[in-house]
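Beneath this line is the structure, given in structure tokens, with notes to follow.
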Amino acid sequence: MGMAGFGLYVLNDLYLTLDRLTAAPVAYFAINGVAALMGRVGMTVSFNLPSALIRIFWIMASALAIFIRLRRPAQADVFRQSVG
């Protein structure tokens, strides 16, 4: 159960990071809620591996999001200069 929750977190936040999904719709929060519930159920039965994996994923997803967002304005400025 916990590993399935981890999978939902990964897919939901990867889609958000890659701009395939926005955080505006209720679906984003519902998926995170289900993933959190599944992770909680998993923690009552076994080692807390899903929680550790989520922490590692958050670090990697955050780094990717920062990289993408730092590059985006520079690419937009180059495009505007070449067009304008």
Legend entry - Interatomic spacing from CG in Leu16 to CG in Asp19 - rounded to 0.5 Å: 7.5 Å
Legend entry - From Leu11 atom CG to Phe6 atom CZ, the distance as rounded to the nearest 0.5 Å: 9.5 Å
Inset, instruction - Taking all non-hydrogen atoms of both residues into account, name the closest pair between Asn12 and Leu21 and its distance. - result: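 Looking at all heavy atoms of both residues, the closest pair is OD1-CD2, 3.2 Å.
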Inset, instruction - Return the minimal non-hydrogen interatomic distance between Asp13 and Phe57, and the atom names on each side. - result: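 The pair with the smallest heavy-atom distance is CB-CE2, 3.4 Å.
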Legend entry - Residues forming a side chain to side chain contact (heavy atoms under 4.5 Å, CB included) with Leu8, sequence neighbours excluded: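 Side chain to side chain contact (heavy atoms under 4.5 Å, CB included) check on Leu8 returns Ile31, Val34, Ala35, Met38.
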Inset, instruction - Could you pull out all residues at least two apart from Leu18 that satisfy side chain to side chain contact (heavy atoms under 4.5 Å, CB included)? - result: Leu14, Arg20, Leu64, Ile68
